[in-house]
Every structure is written in C-alpha cells, then in structure tokens.
Amino acid sequence: MLDSLFHRQSLDDLFNESIEQVKVERGLSPKTIQSYRETLHLFQSFINSDQLSLQYWTVDYLRPFFHYGRNDRGWAVRTYHIHHNNLKKFGDWLLSTKRIRQNPLLQIQKPKQAIVKKKGLKIEQVHKLLYVALLKSSALPFLCIRNHAIISLALQTGLRMSEIINLKINDLHFHDRHIHVRAGKGNKDRFVSIPNDLQSTLDVYLKEHERFYRMKTLILFPSKSGKLFVAREFRRLTERLSKLANIPFSSHDLRRTYASNLSKHGVSAFIIQEQLGHSDIRVTMRYVSHDPEDKRRIFKNIQLYG
C-alpha cells in the first residue's frame with residue numbers, strides 16, 4: 001500500500017522538495033539548481049510526459065534516456081556525466097527519504113572521462129594583459145587602475161569570477177596576508193593567501209578607490225556608478241581586454257594560469273586545492289604540471305635532509 005502511494009507521487013513535487021532541503025543543508029547555488037532542473041526536464045521530455053510519477057524512476061526508463069542522449073542527441077562525455085550526476089543526487093535523496101529502496105543510477109555506468117590538463121596563459125601573455133589593463137582598458141584613469149587590480153587579483157589568487165565580484169574591502173586582511181572569500185562555490189568560506197606584489201597593487205588601488213568613490217561603497221570592485229559589478233559586465237571587460245591584447249582568454253583561464261604556475265613552482269596539489277576551493281582533489285589535478293622539465297628543476301634544488 002505504501003509503495004503504491006509513493007509510486008503515485010509526482011517526480012516534480014519530490015524534486016522541488018529535495019531542492020528545498022539541499023538548498024538549506026548544502027547551500028546550492030542558483031546555477032546548480034538550474035542544472036538539476038534542466039536534467040529533470042530532459043528526462044520528462046524523453047518520457048513524453050509533464051507529470052512523471054515515481055514509477056518511472058527505474059533502470060528500465062533511465063537507461064534508455066542516457067542511451068538516447070549519447071546516441072541521438074550526441075552528448076559529449078562531460079554532458080553525460082553532468083546529467084548522470086544530477087539524477088544520481090536526486091536518487092540519493094529519494095533513497096535517504098525512503099521513497100525508493102535502491103538508487104537505479106548505480107546500475108547505469110558512465111563513459112570514462114579523460115583527464116585533460118588545463119593550460120593557462122604564457123608568461124609573456126600575462127605581462128601583455130596586465131599592461132593593456134593598466135594603460136589601455138578605459139579612457140578613465142581610475143577604471144584602468146581598477147581593471148588592472150581585478151586582473152592582477154585573478155592571476156595571483158585564482159578566485160572565480162563570482163568570488164571577485166562579491167569581494168568587500170573588509171575581506172582584505174593584509175596583516176594576515178590573506179583574502180576572506182565568503183560563500184564561494186558550494187556556499188563555503190575560505191581564506192586565500194596573497195603574495196607581496198598583489199598586496200602592493202591592491203594598496204595603490206584602494207587609495208584610488210577611496211578618492212573616486214569617497215567612501216560611499218565597500219564593494220572592492222564596483223562598477224563606475226558604485227554598484228555591484230555584475231557577471232555580464234565582468235565578461236564584457238575580459239572580452240575587451242582579450243581584443244585589445246589580441247589574446248583569447250576567459251576569466252577561468254586566469255584561474256587556470258594561477259593554478260598551473262603554482263604547480264610549476266613546486267606547490268603541493270593539496271595547497272593548490274585549498275587556494276582554489278576545490279572540494280575534490282581530482283579537479284585540482286587537471287592543473288598540476290607533469291612537465292619532465294619542471295620535475296627536474298624542482299628536484300635539482302631540493303634538500304630533503306639538509
């Protein structure tokens with residue numbers, strides 16, 4: 001009787017209930033929630049029903065859905081993994097709340113995903129980009145200084161675009177030599193260490209910030225009007241700098257550049273993981289250098305017991 005009642009429950013209603021729970025407990029971002037919703041919508045479209053009940057949450061329906069995505073829609077391996085992970089997490093929630101006895105996603109394999117080493121910008125590209133940001137990125141001198149500080153911070157901390165946008169002046173702790181990143185990915189706080197030259201760059205910028213905004217905003221990198229620098233404006237800035245410097249890059253390439261250069265200087269993958277805010281070390285390993293020349297250089301100067 002109970003199983004029959006559960007099977008008549010709408011997947012949409014259960015999904016919304018699960019989202020409300022994990023939003024509180026795990027602090028999911030709107031982007032992650034949207035990804036979950038898109039996956040469920042694709043599954044509904046495949047079954048050709050707007051009102052799916054729990055009786056469709058079986059291997060017999062889910063496996064053909066993934067075969068359809070791979071063979072008919074041409075999903076890349078990464079896309080397959082995203083949809084599989086999204087539905088598996090929903091299945092885990094159904095299992096934890098005793099709506100189902102086992103998660104059918106565990107019976108559906110994922111294609112092997114090759115680990116691609118992500119490379120960042122070359123050193124000469126970094127220098128050119130910083131030069132363009134400081135001297136050519138705006139007709140307004142203050143905005144040139146701001147843009148230079150943004151790019152410098154991204155290259156020397158590896159912060160995500162959303163994390164940079166949401167920084168406040170009081171998140172800078174120069175005495176302790178770190179930045180307090182609040183509610184980063186996964187709604188997690190972390191402290192990111194900063195090097196000397198970045199601190200000097202930010203010192204100069206903060207003086208100009210005070211002069212330009214006259215203490216009317218605590219946002220570290222506001223727009224010209226003093227409001228929050230939204231993601232669209234940030235992307236517009238990187239596109240303009242990319243065109244001026246003739247260097248194709250995205251904001252995430254600055255993060256990759258930071259991580260790969262830490263690795264080349266012999267920094268532990270676990271420290272890089274902490275700096276970047278990765279929850280899984282396997283993500284960090286995409287940036288770790290395996291260049292034989294880097295390995296020779298590191299071991300040439302190492303003194304384990306000196």
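What's counted below: heavy atoms across the whole structure, side chains too, no hydrogens, waters or symmetry copies. None of these values were measured; they are calculated from a predicted model.
When all heavy atoms of S18 and W93 are compared, the closest pair comes out as CB-CD2, 3.3 Å. Contact detail for L40 and D12: the closest heavy-atom pair is CD2-OD1, 3.8 Å.
In this structure a side-chain-to-backbone donor-acceptor pair under 3.5 Å is present from N86 to S35. The backbone N or O of R160 lies less than 3.5 Å from a partner atom in the side chain of E163, making a donor-acceptor pair. For the pair T217 (side chain) and Y213 (backbone), a donor-acceptor distance under 3.5 Å is absent. Within the 3.5 Å criterion, the main-chain N or O of L153 finds a donor-acceptor partner in the side chain of T157.
Here F90 and W57 bring their ring centres to under 6.0 angstrom of each other. With ring centers used as reference points, Y56 lies under 6.0 Å from Y61. Checked against the 6.0 Å centroid threshold, Y205 and F221 count as a close aromatic pair. For an aromatic pair to be called close, the ring centres must be under 6.0 Å apart, and H83 with F66 fails this.
By the criterion of side-chain heavy atoms lying less than 4.5 angstrom apart, applied directly or through intervening Ile, Leu, Val, Met, Phe, Trp or Tyr residues, L198 is not grouped with I271; the two fall into different hydrophobic clusters.
Under 4.0 Å is where a charged nitrogen must lie from a carboxylate oxygen, and between E233 and R236 no such pair does. Between K207 and D203, none of the side-chain N atoms (NZ, or NE/NH1/NH2) sits under 4.0 Å from a carboxylate O, so this pair counts as no salt bridge.
A side-chain hydrogen bond (donor to acceptor under 3.5 Å, both in side chains) with H180 holds for exactly one of D189, N170, D171; it is D189. A side-chain hydrogen bond (donor to acceptor under 3.5 Å, both in side chains) with T284 holds for exactly one of E274, H278, Q275; it is H278.
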Margin query: Could you walk me through whether D92 and K89 satisfy the salt bridge (Lys or Arg N to Asp or Glu O under 4.0 Å) test, starting with their C-alpha distance in whole Å, then the side-chain angles of each, then the deciding distance to 0.1 Å, before giving a yes or no?
Written below: CA-CA 5 Å; D92 289 341; K89 286 171 183 174; over 6 Å; no
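Q273 is listed as a side-chain neighbour of F270, based on a closest heavy-atom distance under 4.5 Å.
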